[in-house]
Amino acid sequence: MAAVAVHQFAQCITCHAWSPDQSMVAFCPNNNEVHIYKLVQDKWEKVHALQKHDQLVSGIDWSEKSNRIVSVSHDRNSYVWNQEGPEWVPTLVILRLNRAALCVQWSPKENKFAVGSGAKTVCICYYEGDNNWWVSKVIRKKHNSSVTSVAWHPNNILLATTSTDGKCRVFSTFIKGVDARESKTGTSSDPKFGEQIVQLDLSSSWAFGVNWSPSGSTLAYVGHNSMIYFVDDVGPSPLAQNVAFRYLPLRDVLFVSEKLVIGVGFDCNPMVFAADKSGLWSFIRFLGERKESSSGPKSGSQFSEAFGKFYGQSRQGLSNDTVEPSKIQGAAHDNCINCIELLKQKGIKTKRFSTSGMDGKVVIWDLENQQDLMEYL
Amino acid sequence: MAEAEKPVEPGSAENILTKIENKSGKIENLIKQFKPAEALQTALEDSPPQDERCKSANWTVVHKALMAVKDVEGMLLSLDPKYYDILMKYVYRGLSTGDPATCDRCLKIHEKLTEKVGFGCILRSLADTVNTV
């Protein structure tokens, strides 16, 4: 079984993040708070409730090396939380937004974080030691609609964003004084802050989660039209692959290795995509259990009943039992999965990740025993 | 009969309407020869056009082919997979007409097509607001 642990924390979880040693998890239980739970002798106990936001906390990230939590909310604010003794002390970061903040991520070096907002902007925040506060620089141009997801490239400068205008864009977030200047080469100049490197217009519908591969050579993002896009050579002439699949759309995506991507979404079950030797991406299988329930007329499955009514017009009686219902008994999640996080372990090649969803569960998955996926890891 | 060339954007509306008329002739022939699956595939080629009039003209042609299909499963087997998403869009357009015969046929096709291609196809036909039929 790929799902190694299932924890029911709340009725619904908006987003989650793990502490550096993975002993604690922070999440938003669909309200204006951030709850931190710690694993104490095999039981999860609530150790902190961070209460500063006025509205839904839409994004949380926990930095690995500096042990700081950043939270953003629909109240247009962002807080950086530092642990001082037993308490978490918040520092307000003024984002100057006039719409909700939707997503946040620490940069790889943890000296910056990016916030996507409904104001069609992306805020890059960095720490100014002189004044002991976080400054926000805004990328105002280019986006035509809400920015749903942000993802940092391993080089700490490039940022990929997805938006409900259907496009995925890559920007430079080079900030003088924060980012080290690259060695002076003759013709290339340092990319300016906010400069758009590339705009990918592959989807004709909303785009959601985006993620870079560990080396930064491949980008993957998902569209609301049940498609996932893989892009190599992100630059002036990118190589894109559009992979259409037969299931419900995805909401978030994660590279577990260079050749293995996990997508999560409305099917309540992580989907595995992998690249073969020639670099061609395709859907492999679902990760969790997926019993094909043969539903007769008396079965309780919502979908087969609905389809039965739909098709009943054209023929007599029986509910359609050949269409696979998406909600299957025995699956780890019962509702849409909207967040996936990698569980990093120093020195060991990562094979574990966690998912959280609208059913209030956080599920930990391990690819260790998935023999057919070993070749991609 | 010469194959209609892929319309080079921007093709004038008249240009495209002429091509659709040509298609219509071809399709009628194929239907008379009891080859409804081929007729449908021909109808779906180069779809959907951008202009409103062209869309209506194309729909008439596709509708003719759809109504001629008796063996839905066979038709789906022979249809090139790249036309699945477009076919689903036309099925929904057919369902929106409310005409009992059309809806009946479209429901049958919807059922078999969903079985074959899954929910993703339905999502793609709904989510695409740019290439509407």
Side-chain angles (χ1 to χ4, degrees), chain A residues 144-145 164-167 201-208 222-229 242-251 263 265-269 271 273 282-283 286 290 292 302-304 306-316 318-327 336, chain B residues 9 44 47-50 55 66-67 69-73 75-77 79-89 91-92 94-133:
Chain A
N144 292 323
S145 189
T164 42
D165 65 4
K167 305 192 199 350
D201 192 2
L202 302 166
S203 173
S204 51
S205 67
W206 299 342
F208 285 106
V222 289
H224 206 52
N225 52 356
S226 292
M227 287 188 75
I228 180 167
Y229 304 95
N242 304 2
V243 178
F245 49 88
R246 49 181 298 145
Y247 308 102
L248 294 176
L250 298 174
R251 286 302 303 275
F266 292 96
D267 260 313
C268 320
N269 208 334
M271 296 174 72
F273 296 87
S282 63
F283 171 66
F286 279 96
R290 193 179 164 81
E292 301 287 328
Q302 284 183 304
F303 271 113
S304 53
F307 270 113
K309 279 213 187 93
F310 194 46
Y311 299 131
Q313 254 197 292
S314 68
R315 57 181 189 156
Q316 300 292 328
L318 300 178
S319 58
N320 195 335
D321 60 359
T322 43
V323 176
E324 307 124 47
S326 289
K327 293 197 188 123
C336 171
Chain B
E9 301 287 348
L44 291 175
S47 305
Q50 295 298 322
K55 282 194 215 268
L66 278 178
M67 295 314 285
V69 173
K70 298 281 181 282
D71 172 23
V72 178
E73 299 222 21
M75 179 270 286
L76 286 177
L77 280 172
L79 189 66
D80 193 331
K82 66 181 180 190
Y83 292 117
Y84 287 154
D85 289 346
I86 301 177
L87 176 61
M88 186 57 91
K89 289 184 191 168
V91 164
Y92 274 100
L95 289 171
S96 71
T97 60
D99 163 53
T102 315
C103 288
D104 207 59
R105 180 55 50 82
C106 286
L107 269 177
K108 277 210 182 74
I109 299 181
H110 185 284
E111 182 189 350
K112 297 293 173 204
L113 188 58
T114 312
E115 224 179 281
K116 202 170 181 27
V117 203
F119 296 136
C121 186
I122 302 181
L123 255 302
R124 276 186 287 281
S125 69
L126 288 175
D128 192 348
T129 49
V130 172
N131 306 312
T132 50
V133 295

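All figures in this text were calculated on a predicted structure; none of them were measured in a lab. Residue numbering restarts at 1 for every chain, and letters A, B, ... go by the order of the sequence lines.
- No other option in A:S226, A:G166, A:P249 has as many heavy-atom pairs under 4.5 Å with chain B as A:S226.
- Each of B:N131, B:V117, B:V130 has some count of heavy-atom pairs under 4.5 Å with chain A, and the biggest count is that of B:V117.
- From A:R246, atom CZ reaches atom OG1 of B:T114 across 9.5 Å, with rounding to the nearest 0.5 Å.
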